[in-house]
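Step one of this worksheet: look at the structure below.
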Amino acid sequence: MNKLNISQIISDGRLSQEYEVNAWVKAFRNDRFLALNDGSCLANLQCVINPDDYNSEFLKKVSIGCSVNVKGTLVESQGKGQTVEIEVESISVLGHANSDDVRKTILSPKKHSLEKLREQAHLRVRTNTFGAVMRLRSKLSFAVHEYFQKNNFQYVTTPIITNSDAEGAGEAFTVTNLDLKAIPKTTAGEVDFKKDFFGKQANLTVSGQLEAETYALGLGKVYTFGPTFRAENSNTTRHLSEFWMIEPEVAFCDLEGNMDLAQDFITYVINYALKNCREDLQFLEDRLIKEESALPKQQRSELSLIEKLEFVVNNQFKRVSYTEAIDILKNSKPNKKKKFEFPIHEWGADLQSEHERFLVEKHFKCPVILYDYPANIKAFYMRLNEDQKTVRAMDVLFPGIGEIVGGSQREERLDVLVEKMDKLSISKEELWWYIDTRKFGTCEHSGFGLGFERLVQFVTGMNNIRDVIPYPRTPKNLDF
RNA sequence: UCCUCAGUAGCUCAGUUGGUUAGAGCAUCUGACUGUUAAUCAGAGGGUCACUGGUUCGAGUCCAGUCUGAGGAGCCA
């Protein structure tokens with residue numbers, strides 16, 4: 001008897017062979033047809049019993065949501081929905097599911113809104129949609145490691161508890177051991193972090209970049225892939241308080257190399273999904289088409305999900321400097337007709353979502369890499385250009401989700417870096433180790449951060465980021 | 001944090017100018033049927049109308065506040 005998972009049985013199972021399956025009941029029709037799913041793939045395995053062989057007491061216990069053990073023979077299916085099925089020789093219920101209780105959960109066999117599924121995040125993984133999304137998430141994270149390992153990057157785990165929040169990446173969560181009912185204060189009335197666990201203020205990391213840079217200047221090519229925390233009060237479909245970020249960092253690499261890497265990397269992982277997750281992608285595509293069929297034609301997507309992914313892997317990302325982008329936006333129809341909420345008047349303005357969306361979705365109609373931004377709207381560590389007013393920064397913008405990558409060539413010149421830190425009042429004392437790397441064999445180097453959930457969003461077509469992570473953490477939401 | 005919208009059965013929603021006993025579909029239960037694919041057919045049960053207060057003879061409906069959710073904006077990945 002072979003104990004395989006359902007995905008293996010459906011793809012590699014041999015007719016007339018006996019198999020044993022542990023799975024959950026998705027449907028039980030006519031007291032005869034069991035649709036079983038074990039999470040290994042989207043498809044259910046149909047198992048057929050002869051109801052005459054069982055008393056009605058037992059059949060009642062085989063209900064939706066319960067877990068079962070089934071032994072039987074694989075045969076060709078007489079029905080239309082599947083090619084093979086299991087002719088059941090024995091079945092036992094491992095874990096019961098009271099149908100009156102099931103009725104109150106999202107396991108009940110009917111359509112549920114994504115909002116309702118979110119409220120029962122512990123059960124939503126058993127739905128087709130979340131099974132597909134989570135299998136894709138798993139495959140994508142494998143592809144991330146595979147890409148970097150194949151290209152001679154070293155995986156670096158940067159600290160999750162840190163001392164620095166100086167990168168301007170956003171508000172950090174404080175980690176403390178202090179008695180919150182009796183917080184020690186200094187004579188100046190401030191919290192006395194000297195009494196805290198680490199003897200200084202500790203935060204959850206908002207980015208592993210600075211640490212990754214130091215490792216790149218020793219290991220050459222490195223990447224991080226780990227949890228990241230932002231205490232921003234962001235309530236959008238593309239922000240989480242806890243998310244996973246991928247941050248490659250490469251020594252002896254300029255901004256062009258960085259843009260090449262970003263595109264090559266993204267193309268690789270999307271290709272991986274296209275090759276290895278076809279069934280789940282097809283399901284998600286069908287789901288989107290159904291969802292959009294309610295909308296007027298103009299609002300529907302021009303490309304289906306799979307077409308969209310194929311378009312991205314088969315076309316170059318459009319590379320446009322900030323200065324070129326401003327020209328395009330200045331002369332654009334919506335700007336002239338005053339359709340932008342924030343009209344573009346002059347060089348130096350920060351781009352708003354509406355501008356990024358115009359460039360990506362209307363003007364170029366493909367992923368866009370914007371680079372060479374004004375220095376004063378970007379972070380201190382980005383390399384200053386010869387023009388003295390722009391920095392070697394780049395953002396990769398994707399349709400629907402906006403910024404998926406933010407990166408730059410780093411300022412490797414000690415004097416320029418220190419001057420910039422002084423100007424922005426960034427503590428040189430705290431970041432002495434970062435400055436040190438510019439003293440000992442400094443070299444040009446570059447890197448970027450990619451929000452993993454935004455990538456999963458793009459590939460799965462899910463439009464809320466809370467639906468591509470098992471247990472989303474957002475302001476006022478820490479359930480599960 | 002700001003703007004907009006929403007909260008009525010397990011779920012999705014309807015509920016008229018404020019007026020009798022708050023409705024439908026799905027789900028659940030009972031029965032029938034038995035090669036079904038969200039099975040089908042017949043019947044039944046199921047409600048703190050988000051919460052608190054107010055206006056009124058009378059509030060699901062009007063007003064105020066609170067909470068929660070969604071969409072958009074800002075911040076960003």
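Here the structure is a predicted model, which is why all the values come from computation and not from measurement. Numbers restart at 1 for each chain; the letters A, B, ... are given by sequence-line order, proteins then strands.
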| Given that both distances must come in under 3.5 Å, which nucleotide forms a Watson-Crick or G-U wobble pair with B:G65? |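 Matched B:G65 with B:C51 under the 3.5 Å cut-off.
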| Mate of B:A22 where both pairing distances stay under 3.5 Å, Watson-Crick or G-U | none
Looking across every strand, which nucleic acid part, if any, lies under 4.0 Å from [X] by heavy atom: base, sugar-phosphate, or nothing?
| X | value |
| --- | --- |
| A:Lys476 | sugar-phosphate |
| A:Arg118 | sugar-phosphate |
| A:Ser77 | base |
| A:Gly79 | base |
| A:Val405 | sugar-phosphate |
| A:Glu85 | base |
| A:Glu453 | nothing |
| A:Ser234 | base |
| A:Ile401 | nothing |
| A:Asp100 | sugar-phosphate |
| A:Asn44 | nothing |
| A:Glu115 | sugar-phosphate |

To the side chain of [X], which of [options] is closest?
| X | options | answer |
| --- | --- | --- |
| A:Lys116 | B:U12, B:C26, B:G72 | B:U12 |
| A:Asn233 | B:A70, B:U1, B:U34 | B:U1 |
| A:Ala27 | B:A39, B:A77, B:G71 | B:A39 |
| A:Lys80 | B:U36, B:U37, B:U1 | B:U37 |
| A:Ser108 | B:U36, B:A27, B:G10 | B:A27 |
| A:Asn477 | B:G69, B:U30, B:G35 | B:G69 |
| A:Ile64 | B:C76, B:G69, B:U28 | B:U28 |
| A:Arg230 | B:G69, B:C76, B:U28 | B:C76 |

Pairing of [X] and [Y] as salt bridge, 4.0 angstrom limit:
| X | Y | answer |
| --- | --- | --- |
| A:Arg392 | A:Asp372 | yes |
| A:Arg410 | A:Glu249 | yes |
| A:Asp395 | A:Lys378 | yes |

Taking only side-chain nitrogens and oxygens of [X], does any of them come within less than 4.0 Å of OP1 or OP2 of [N]?
| X | N | result |
| --- | --- | --- |
| A:Arg357 | B:A73 | yes |
| A:Arg454 | B:C76 | no |
| A:Thr236 | B:C75 | no |
| A:Asn30 | B:U34 | no |
| A:Arg103 | B:U28 | no |
| A:Ser353 | B:G74 | yes |
| A:Gln46 | B:U36 | no |
| A:Asn464 | B:G71 | yes |

| Below 6.0 angstrom between ring centroids: does that apply to A:Tyr223 and A:Tyr155? | yes
| query | Would you say A:Phe33 stacks on B:G35, if stacking means ring centres under 5.5 Å apart and planes within less than 30 degrees? | reply | no
| field | Between A:His239 and A:Glu232: side-chain donor-acceptor atoms closer than 3.5 Å | value | no
| message | Could you tell me how far B:C57 sits from B:G7 if I compare only their P atoms? Round to whole Å. | response | 28 Å
| No-H, no-angle donor-acceptor pair, A:Glu119 side chain to B:U68 base, under 3.5 Å |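 No, the side chain and the base share no sub-3.5 Å donor-acceptor pair.
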| Per the atom types in the model, does the base of B:C76 pair as donor or acceptor with the side chain of A:His239 at under 3.5 Å? | yes
| CZ-NE2 distance between A:Phe358 and A:His355, expressed to the nearest 0.5 angstrom | 10.0 Å
